[in-house]
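Written below as structure tokens is the structure these notes are about.
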Amino acid sequence: MPELPDVEVFRRRVGAQGLGRRIEAVDVRDHKRLHHVSAARLERELRGHAFDAVRRHGKVLFLRIGGNSHQLVLHFGMTGAVAFYDDPDNEPAHARFVLGFDDGGRFAFDNQRRFGWIELADDIEGYLAAKGIGPDALAFDADDLQALLAGRRGMIKPALMDQETIAGIGNVYSDEILFQAGVRPDRRVADLTTQEIGTIHCQLQRVLETAIEHDAAPAHMPRTWITPHRGGDDPCPRCGGKLKTRRVSGRSAWFCPQCQQ
DNA sequence: CACGTTGTTCTTCC
DNA sequence: TGGAAGAACAACGT
């Protein structure tokens, strides 16, 4: 489920392998992935150009098209990745959008469950403003978080997941942040102390940065994390007690009732 | 085969 | 009132 760490890994992949390569073929395999842009327009804007910059904001990836300075916008929904490959046999199984470079290499937007989308934007700031997407989760301090959460009446987990409040955190990492911070997902934001919000901010940074260092692969996360134990009968990695799951705001939250208050 | 997963949209509710 | 939460939706592999 591509959240901020996953998309950051994709950003680095594009930065390392996707810049400066001239695009000569544009292959839209699934037209329903295109939002507010036709395949013809996309082909016209991409062909003959190369990406010259790549940025991430929250869960959204922006590839700047050199020459016209438009942004190719990628959102992955709940599944997906970007892939570079030379041998067509190495194409990912669910490539919905494929670019061919003039050096023979290819780029694929892989999106098994087709909840992702592709757009074209004039500029990043305008796109984020139009979508109402809030500040990136790695771009603010504890005081900012305090301000972002001020006046909220709901629970902390959905607040962390609200992309208009904070961009980049989804179901899995919100649980991990709250587990590390020792705060239950269903705690009311209004009842949190300044110190608890400070702890949440600290863990938010640490969890996301650590996840990026581990290539956002759940199996590679520290054993002291709850993420690798989601969905199973594993005991709490911290106290050995029984983990609990509960629907919070329509999502399954996993937490430890002993370690989290 | 019901489930789980995301963002969006609509509805319900305090 | 309006902010939150919930339900439905779109897709598909397990």
Side-chain angles (χ1 to χ4, degrees), chain A residues 1-10 28-37 56-62 73-82 91-97 108-119 121 124 127-137 147-178 183-192 208 211 216-219 221 226-234 243-255:
Chain A
M1 309 112 249
E3 301 182 30
L4 185 151
D6 310 80
V7 182
E8 176 61 20
V9 170
F10 303 159
V28 179
R29 307 269 179 88
D30 178 2
H31 288 252
K32 287 184 75 176
R33 292 312 103 227
L34 303 187
H35 283 197
H36 316 117
V37 64
R56 176 195 60 72
H57 186 103
K59 306 177 185 179
V60 188
L61 197 61
F62 298 92
V73 184
L74 303 180
H75 193 291
F76 298 87
M78 64 174 287
T79 57
V82 295
E91 183 171 286
H94 309 281
R96 310 299 182 189
F97 175 75
F109 173 77
D110 186 66
N111 197 227
Q112 181 187 88
R113 282 183 200 176
R114 305 195 209 209
F115 285 5
W117 65 84
I118 297 169
E119 290 182 75
I124 295 176
Y127 178 87
L128 296 174
K131 287 262 179 177
I133 297 176
D136 186 78
L148 288 167
L149 295 177
R152 286 194 78 106
R153 297 188 293 181
M155 298 179 279
I156 183 62
K157 178 180 166 69
L160 291 178
M161 292 171 61
D162 179 1
Q163 302 300 299
E164 296 193 21
T165 305
I166 301 170
I169 299 170
N171 197 29
V172 172
Y173 286 105
S174 61
D175 277 354
E176 190 63 63
I177 291 161
L178 293 170
V183 174
R184 290 203 191 204
D186 54 1
R187 281 281 297 284
R188 296 270 150 194
V189 171
D191 296 339
L192 296 174
L208 297 178
M221 299 303 165
I226 196 174
T227 298
H229 308 290
R230 292 177 68 88
D233 284 326
D234 292 358
L243 295 176
K244 239 183 123 173
T245 183
R246 221 212 103 169
R247 299 301 285 184
V248 173
S249 193
R251 302 285 180 241
S252 58
W254 286 80
F255 64 101

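Keep in mind that what you see is a predicted model, and the values were worked out from it rather than measured. We name chains A, B, ... by the order of the sequence lines, and we start the count at 1 in each one.
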Side chains of Leu74(A) and Phe109(A) in contact at under 4.5 Å (non-hydrogen atoms):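 Yes, close enough: below the 4.5 Å cut-off.
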Heavy-atom check, side chain of Phe76(A) versus side chain of Val7(A), under 4.5 Å: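 Result yes, sub-4.5 Å side-chain heavy-atom pair found.
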Do side-chain atoms of [X] reach the backbone of [Y] as a donor and acceptor pair under 3.5 angstrom?
{"X": "Asn111(A)", "Y": "Ala95(A)", "answer": "no"}
{"X": "Asp6(A)", "Y": "Glu3(A)", "answer": "yes"}
{"X": "Glu176(A)", "Y": "Thr227(A)", "answer": "yes"}

Flag if over 12 foreign heavy atoms under 6.0 Å of NZ, Lys131(A):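 Yes - once you tally the heavy atoms of other residues, nucleotides and ligands closer than 6.0 Å, there are more than 12.
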More than 12 heavy atoms of other groups within 6.0 Å of Asp191(A) CG: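 Enclosed.
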Nucleotide-resolved protein contact map, nucleotides 9-14 of chain B, B/S/- at heavy-atom distance under 4.0 Å: ------
N/O donor-acceptor pair, side chain Arg230(A) with base dG4(B), under 3.5 angstrom: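 Under the 3.5 Å cut-off, the side chain and the base do not form any donor-acceptor pair.
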Which residue lies more 5' along DNA chain B, comparing Gln163(A) with Arg247(A) via nearest heavy atoms: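 By nearest-heavy-atom nucleotide position, the 5'-most residue is Arg247(A).
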Arg96(A) and its side-chain contact (heavy atoms from CB on, under 4.5 Å) partner, picked from Asp110(A), Val28(A), Asp30(A):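 In the set Asp110(A), Val28(A), Asp30(A), the residue that makes a side-chain contact (heavy atoms from CB on, under 4.5 Å) with Arg96(A) is Asp30(A).
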Evaluation steps, side chain to side chain contact (heavy atoms under 4.5 Å, CB included), between Arg230(A) and Asn171(A): CA-CA 11 Å; Arg230(A) 292 177 68 88; Asn171(A) 197 29; 3.4 Å; yes
Atom pair distance, as rounded to whole Å: NZ in Lys131(A) and C1' in dT6(B):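 Rounding to the nearest Å, NZ of Lys131(A) and C1' of dT6(B) are 12 Å apart.
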Residues touching DNA chain C, which here means a heavy atom under 4.0 Å, drawn from residues 110-118 of chain A: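 DNA chain C contact set from residues 110-118 of chain A: Gln112(A), Arg113(A), Arg114(A), Phe115(A).
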Over all atoms of both residues, closest heavy-atom pair of Pro228(A) and Asp234(A):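 Minimum heavy-atom contact is O-OD2, 4.4 Å.
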Ala159(A) versus Arg152(A), closest heavy-atom pair with distance: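 Looking at all heavy atoms of both residues, the closest pair is CB-NE, 3.5 Å.
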Along DNA chain C, first and last positions that approach a heavy atom of chain A under 4.0 Å: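 Taking any atom under 4.0 Å from a heavy atom of chain A, the span is dG2(C) to dG13(C).
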Residue met sooner reading DNA chain C from 5', once Lys32(A) and Arg152(A) are mapped to nucleotides: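 By nearest-heavy-atom nucleotide position, the 5'-most residue is Arg152(A).
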Contact under 4.0 Å: Lys59(A) side-chain N or O vs dG7(B) OP1/OP2: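 Indeed, a polar side-chain atom of Lys59(A) lies that close.
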